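Notes follow once the structure below has been shown.
This structure is a prediction, so every number in the text was calculated from the model and none was measured. All chains are named by letter (A, B, ...) in the order of the sequence lines, taking the proteins before the strands, and each is independently numbered beginning at 1.
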Protein chains: 2
Amino acid sequence: MTPTVTQTGTLSTRERILLEASRLFARNGYRGTSTREIAAAVGIRQPSLFHHFPSKQTIMAELIDIDHAEATRVAKREAAASGSPAVRLYRYLVADISFICRCAYDLSSVESVLNDSDFGDKRQRHNELQGARLAIIEEGIDSGEFVKSDPLIAHKVITWILRGDIVDTAGEPQADADDFAHQLASFVLRAVLADPDRVDEIRAGVELEMNQG
Amino acid sequence: MTPTVTQTGTLSTRERILLEASRLFARNGYRGTSTREIAAAVGIRQPSLFHHFPSKQTIMAELIDIDHAEATRVAKREAAASGSPAVRLYRYLVADISFICRCAYDLSSVESVLNDSDFGDKRQRHNELQGARLAIIEEGIDSGEFVKSDPLIAHKVITWILRGDIVDTAGEPQADADDFAHQLASFVLRAVLADPDRVDEIRAGVELEMNQG
DNA sequence: ACTCTGGCCTATCGATTGATAGGGTAGTCG
DNA sequence: CGACTACCCTATCAATCGATAGGCCAGAGT
């Protein structure tokens, strides 16, 4: 499984390559990071990397898959679920944000390399994720639970917030990942809800679910 | 002056270098873009670039300056101004977003290269910009106009929204830059205002100012 | 007519890139 | 013991990088 921030003690060389590569990609970009830098961070020589990954590209590809696997799983589940769109959007946001905070890998660079032609095949899954998010928002607007406005604006903003969260808070142990996730999700909900006062009630409900499940 | 999207017709070679470089940096990253690619997009050979800029780094540095000059100007003006923090935050957001939409250069790559050690000296100005934004938010919370919450969360989200706007909408002619800017600013205000219903009143007020000034 | 300058060109530099070839060694299994 | 595997090493490759040197040429100034 993908390691969390609390269990970075005993990692295999392969996992340490993913970890150090993710951090260097986050700071200097995919193209701006050389395989020699990654190897030095891990504590091995550059050619030794290729005993664990056939190329630099496959290192990045695996990081993309780690990011997308969890995000699309949660988004599709909430998009297909029934019940209040507001609660489902809130649940999705909290799950995604707290995953980002908890994941040991710094996945900041994932979004920015999707434009790269080398990773064009990964974009389809990313589009599915976007579609699942948009569906929840449209349902919320149609049901009157959300304020009447352009769903694409709300969708853009949510995408940007999640992207910013990845870039700025991923990979470094968050003091309280869950609380941070709830605060961000509440911010979004307050902006989209027709009745912003319902935020506290929704938050309390989801927190209760999480403590029970 | 920095060209706008509506006047990309007759540009000097130097300006076309900035334009094409900004687009390539946005798509492939600073490190991922070679000077040969930039030259090919402009329609000249690679060494000819160095008759207009002493290095690849100074091309990026000039794009950073273009971005920061306008953003810090507006942010500091609104941070120093008196009157309702909500109105000042709204004015700042609209000004910044519409500038991004109108600027011919695609400034997406600016934020991501600030971590790069090559551009460490540009970071100070960026920090000043962040400080000015945070000051307005704190003032709004202290005055009771904004909802009581962690100002750093609101500040983070606003930073992420502006960053996302730059990445996703910069450099391509926006159908209606002003309307888009107002919609985004309204989204943010609805989330931070203690009384979200005031959004429409604030928007109307600022629109009136802009039409008069 | 002569010179100078700006802007582009070709040719080429040293450094760095991702990746390969092949050898050494510790541990495991028969 | 001998073979095999896993893992890391040194040495090296061709390709590409940013940047420099120096030549060609059109247009302006005198």
Side-chain angles (χ1 to χ4, degrees), chain A residues 3 9-64 109-110 112-122, chain B residues 3 9-64 109-110 112-122:
Chain A
T10 56
L11 295 180
S12 68
T13 303
R14 192 188 146 87
E15 285 170 324
R16 280 196 298 140
I17 291 172
L18 285 170
L19 179 62
E20 298 297 341
S22 75
R23 291 174 175 169
L24 287 164
F25 290 160
R27 176 158 303 268
N28 304 323
Y30 171 68
R31 308 266 189 144
T33 303
S34 71
T35 52
R36 282 169 181 80
E37 290 177 272
I38 299 171
V42 173
I44 60 179
R45 304 300 167 119
Q46 183 251 3
S48 303
L49 283 181
F50 297 90
H51 281 270
H52 302 274
F53 296 91
S55 69
K56 178 187 176 185
Q57 189 175 339
T58 55
I59 300 177
M60 184 76 245
E62 183 148 334
L63 290 172
I64 295 174
S109 57
V110 169
S112 57
V113 297
L114 286 177
N115 289 332
D116 199 311
S117 58
D118 290 350
F119 301 99
D121 56 323
K122 302 289 180 190
Chain B
T10 56
L11 295 180
S12 68
T13 303
R14 194 189 144 88
E15 285 171 323
R16 281 195 299 139
I17 291 172
L18 285 170
L19 179 63
E20 299 297 342
S22 76
R23 291 173 175 170
L24 286 165
F25 289 160
R27 178 159 300 269
N28 304 323
Y30 171 68
R31 307 266 189 143
T33 303
S34 72
T35 53
R36 283 168 180 82
E37 290 177 271
I38 299 171
V42 173
I44 59 178
R45 303 302 167 114
Q46 183 250 3
S48 302
L49 285 181
F50 297 91
H51 282 270
H52 301 274
F53 295 91
S55 69
K56 177 187 176 184
Q57 188 175 339
T58 55
I59 300 177
M60 185 76 244
E62 183 148 333
L63 290 172
I64 295 175
S109 57
V110 169
S112 57
V113 297
L114 287 177
N115 289 332
D116 199 312
S117 58
D118 290 352
F119 302 98
D121 56 321
K122 302 290 181 190

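B/E15 is not listed as a side-chain neighbour of B/L19, based on a closest heavy-atom distance of 4.5 Å or more. By the 4.5 Å heavy-atom criterion applied to side chains, B/R31 and B/D116 are counted as neighbours.
Proximity of a side-chain donor or acceptor of A/E37 to a complementary backbone N or O of A/L24 within less than 3.5 Å is not detected.
Listed pair A/S34 / C/dT17 meets the phosphate criterion, a side-chain N or O lying under 4.0 Å from OP1 or OP2. Put simply, A/T13 has no side-chain N or O that comes within less than 4.0 Å of OP1 or OP2 on D/dC7. Within the structure, a side-chain polar atom (N or O) of A/H52 is placed less than 4.0 Å from OP1 or OP2 of D/dC8.
Nucleotide C/dT16 holds its P atom 16 Å from the CG atom of A/N28, rounded to whole Å. Rounded to whole angstrom, the span from the CZ atom of B/R31 across to the C1' atom of D/dG18 amounts to 12 Å. Distance, B/F53 CZ to C/dC8 P: 12 Å, rounded to whole Å. Rounded to whole Å, the distance from CD1 on A/I17 to P on C/dA19 is 13 Å. Whole-Å rounding puts the B/D118 CG to C/dT16 P distance at 13 Å. Going from atom CD of B/E37 over to atom P of D/dC17 covers 7 Å, rounded to whole Å. A straight line from CD1 of B/I59 to C1' of D/dA19 spans 12 Å, rounded to a whole angstrom.
Comparing A/Y30 and B/R36 against DNA chain C, the residue whose closest nucleotide sits nearer the 5' end is B/R36.
Considering all non-hydrogen atoms of both residues, A/V110 and A/L63 come closest at CG2-O, 4.0 Å.
Residue contacts for A/T33: at a heavy-atom cut-off of 4.0 Å it reaches the sugar-phosphate backbone alone, with no base atom in range.
In this structure, B/K56 has no salt bridge (Lys or Arg N to Asp or Glu O under 4.0 Å) partners at least two apart in sequence or on a different chain.
Classification of B/E62 and B/R14 as a salt-bridged pair holds, one side-chain N sitting under 4.0 Å from a carboxylate O.
Listed by residue number, A/Q46, A/P47, A/F50 are the residues of residues 43-51 of chain A with a heavy-atom contact under 4.0 Å to DNA chain C.
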Residue pair B/V113, B/F25: steps toward the side chain to side chain contact (heavy atoms under 4.5 Å, CB included) verdict:
CA-CA 10 Å; B/V113 297; B/F25 289 160; over 6 Å; no

